[in-house]
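Down below is the structure, laid out as structure tokens.
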Amino acid sequence: MTNTASTLRTAVPLDELIAAARELRICGRWERATRLLDSAEATDPRSRARLALAAAEVALESDWFGGTALAGPRLAAAEEFVEVLDGKLADEAHSYIGWDLDFLRLRHGYLGQVRVDGAFRAGPDGKDPDALAALRTHAERLRGGAPDDVRRGWAEMYLGLVADNLFAERDLAPGHYEAALRAGEAGEAGEAGATGEAGATGEAGGSHDCGDDLLVREALRHLGDHDHDHGDHARARERWSRATELGARAGTVPGTLSQQLLLAVLARDAGDEAGAVALVGEIARWAGAIGAVTIETQARGFLAGVDPTAAPAAAESGS
């Protein structure tokens, strides 16, 4: 007697499948999201391009939180599928696909500049100034060509991150974050849903017809960092607490852990070292359990006395 395997095939609307993969991606189930997308079969070029884009974004977030190196090949594959559409489709939906691919390229390039030898390293020191300038130009081009307000907000978010974390231009970044916040709170998003993420911890999220919780969260996260640097801890707490709530509502497990780490910074600042250590001990344990190695490393650094909000490269360059 032998056992035989049977394969069950079922038809699922593409939007629902990509939405399910997005939920898995946001909650940190990158391998499961990848398997789901790879198991799908699409017959038309646009559907294949959308699946490839979704898989590239999963890989990018796995790289960011999980310390993998998967996004490069996935982006190359997505580019091939999108190129098939070029010249064939010129409708509004295609403009979303082209913009989203270009945005993933920006995020991948940004990650390559802030993650050096496996560690977060802010500032321009030791980096190619032409490469940094190219990223800024890239983000400006995306802002100018964004097909909806939410995508424009994500481009603004990255202009702020590039200014903050690559050029150490702390005075320029908040204006971009404020523009991103406005877009996330009130913007109208197009069909496909822009995604993005970033910063000192970086993450990404899909857009909604009446804004984007994850864009709002990301903007509040970095505005709160500036409040904290200026000594306005009450305002930082207000923004960081709201960012934590929005991240949890959107289902981002890694993002919520990284946001709780910032609340622990405030607890330490207020003299509650025991509370801060207890919270971050749990953050490290949870992050390790889900494979979010970058957050686990940050948390263990905090327990060793490292301030995750510090900007060492800016201090070294005297800016």
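Between the side chain of R217 and the backbone N or O of G255 there is at least one donor-acceptor pair closer than 3.5 Å. Proximity of a side-chain donor or acceptor of T68 to a complementary backbone N or O of S62 within less than 3.5 Å is detected. Using modelled atom types, no side-chain atom of R50 and backbone atom of L14 make a donor-acceptor pair closer than 3.5 Å. Looking only at distances, no side-chain donor or acceptor of H228 sits under 3.5 Å from a matching main-chain atom of G224. Distance alone, capped at 3.5 Å, is enough to place a donor-acceptor pair between the R48 side chain and the A42 backbone. Between the W99 side chain and the L142 main chain, a donor and an acceptor come within less than 3.5 Å of each other.
G160 approaches Y177 most closely through the heavy-atom pair O-OH, 3.2 Å. Across all non-hydrogen atoms, the minimal contact from V280 to A299 is CG1-O, 3.3 Å. Taking both residues in full, the closest heavy atoms of I290 and P254 are given as CD1-CG, 4.1 Å, listed atom of the first, atom of the second, then distance. Across all non-hydrogen atoms, the minimal contact from G67 to V293 is N-CG2, 3.8 Å.
Salt-bridge formation is not detected for the pair R242/E245: no Lys NZ or Arg NE/NH1/NH2 atom is positioned less than 4.0 Å from an Asp or Glu carboxylate oxygen. Of the charged side-chain nitrogens involved, at least one lies within less than 4.0 Å of a carboxylate oxygen, so that E57 and R107 count as a salt-bridged pair. Salt bridge absent: R152 and E156 never bring a charged side-chain N and a carboxylate O closer than 4.0 Å.
Placement of L303 and L262 in two distinct hydrophobic clusters is found when ILVMFWY residues are connected by side-chain heavy-atom separations under 4.5 Å, directly or transitively. Residues L261 and L161 share a hydrophobic cluster, clusters being chains of Ile/Leu/Val/Met/Phe/Trp/Tyr side chains in contact below 4.5 Å.
A heavy-atom distance below 4.5 Å is not found between the side chains of F167 and L172. Within the 4.5 Å cutoff, side-chain heavy atoms of L51 are placed close to those of I18. By the 4.5 Å heavy-atom criterion applied to side chains, Q259 and T252 are not counted as neighbours. When side chains are defined from C-beta on, D225 counts as touching W240, because their heavy atoms get closer than 4.5 Å. Side-chain contact between L220 and L181 is present, with heavy atoms from C-beta onward closer than 4.5 Å.
The cationic group of R151 does not satisfy the cation-pi geometry with F103, failing either the under 6.0 Å distance to the six-membered ring centre or the 45° limit from the ring axis.
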Stepwise, does the side chain to side chain contact (heavy atoms under 4.5 Å, CB included) test hold for D164 with E169? CA-CA 5 Å; D164 234 350; E169 296 172 344; over 6 Å; no

Working note: D269 + R237, criterion salt bridge (Lys or Arg N to Asp or Glu O under 4.0 Å); need CA distance, chi angles, decisive distance, verdict. CA-CA 11 Å; D269 290 342; R237 178 178 297 280; over 6 Å; no

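N165 and Y110 are linked by a side-chain donor-acceptor pair at a separation below 3.5 angstrom, with hydrogens and angles left out of the test. Checking D102 against H138 by side-chain atom types alone, a donor-acceptor pair falls below 3.5 Å.
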